[in-house]
Amino acid sequence: LPDGAWVISDEPGFAWVTGHRVPADLVDASIHRVETGRITVDSLATAAADPRVCAVQIWSPRYGGFTELPARLEAEGYSVTGSWDTDPPRELWTRDCDPG
């Protein structure tokens, strides 16, 4: 990913380990925020549409449970660049972006 790129992940620490920033409202990707409707497929798709966001990592049932998310990511120009046949399945979606 380019320097300054933002990422979205449901795996705590992924962005920090890779040296990237997360949109502010998605820093806490806890299951509580998903279950209470603070994080939704719409909020994820809106955040993923930000031109600074270049990658979305779906690593757990928190974001993997949003069955509509892949179609929403494709609509924003993302494609799967990594997938792992685990339980639950894990995916890394990326796109060209302009982190500014």
task = Could you please spell out the steps behind the side chain to side chain contact (heavy atoms under 4.5 Å, CB included) verdict for Y78 and L69?
result = CA-CA 11 Å; Y78 290 87; L69 185 56; over 6 Å; no
ask   = Roughly how far, to the nearest 0.5 Å, is CG of L44 from CG of L26?
value = 5.5 Å
query = Given the rule in the side chain to side chain contact (heavy atoms under 4.5 Å, CB included) test, do D25 and R38 qualify, once you have shown the distances and angles that lead to the verdict?
reply = CA-CA 9 Å; D25 195 44; R38 294 276 316 273; 3.8 Å; yes
remark   = What one should report as the nearest heavy-atom pair of Y63 and I58 is C-CG2, 3.8 Å
task = Please report the shortest heavy-atom distance between T36 and H32, naming the atom on each side.
result = OG1-O, 2.8 Å
key: Rounded distance [0.5 Å steps], CH2 in W93 versus CD1 in I8   = 13.0 Å
key: Qualifying residues under side-chain hydrogen bond (donor to acceptor under 3.5 Å, both in side chains), relative to R90, sequence neighbours excluded   = none
ask   = What closest approach, in Å, do W59 and E11 show between heavy atoms, and which atom pair accounts for it?
value = CD1-OE1, 3.5 Å
request  = Report the residues that fulfil ring pair (Phe, Tyr, Trp, His ring centres under 6.0 Å) with W6, sequence neighbours left out, ordered by chain and then residue number.
outcome  = none
ask   = To the nearest 0.5 Å, how far apart are CG in L73 and CD in E68?
value = 11.5 Å
inquiry  = side chain to side chain contact (heavy atoms under 4.5 Å, CB included), that's the test. Do D42 and R72 meet it? Break it down for me.
reply    = CA-CA 9 Å; D42 289 334; R72 301 285 295 271; 2.8 Å; yes
ask   = Mind checking whether V22 and F14 have side chains closer than 4.5 Å, heavy atoms only?
value = no
Pairwise distance CG(D28) to CG(D10) - rounded to 0.5 angstrom = 12.0 Å
key: Considering all heavy atoms, the nearest A29-S9 contact   = CB-O, 3.7 Å
inquiry  = Would L92 and W84 count as a side chain to side chain contact (heavy atoms under 4.5 Å, CB included) here? Give the steps.
reply    = CA-CA 9 Å; L92 178 63; W84 295 263; 4.1 Å; yes
task = Look up atom CZ in R95 and atom OG1 in T81, then write down how far apart they are to the nearest 0.5 Å.
result = 13.0 Å
request  = Indicate, with yes or no, if V27 and V53 share a hydrophobic cluster defined by side-chain heavy-atom contacts under 4.5 Å among Ile, Leu, Val, Met, Phe, Trp and Tyr.
outcome  = yes
note = Heavy atoms of V7 and P23 approach each other most closely as O-CD, 3.4 Å
note = Nearest heavy-atom approach of C54 to A5 is SG-CB, 3.4 Å
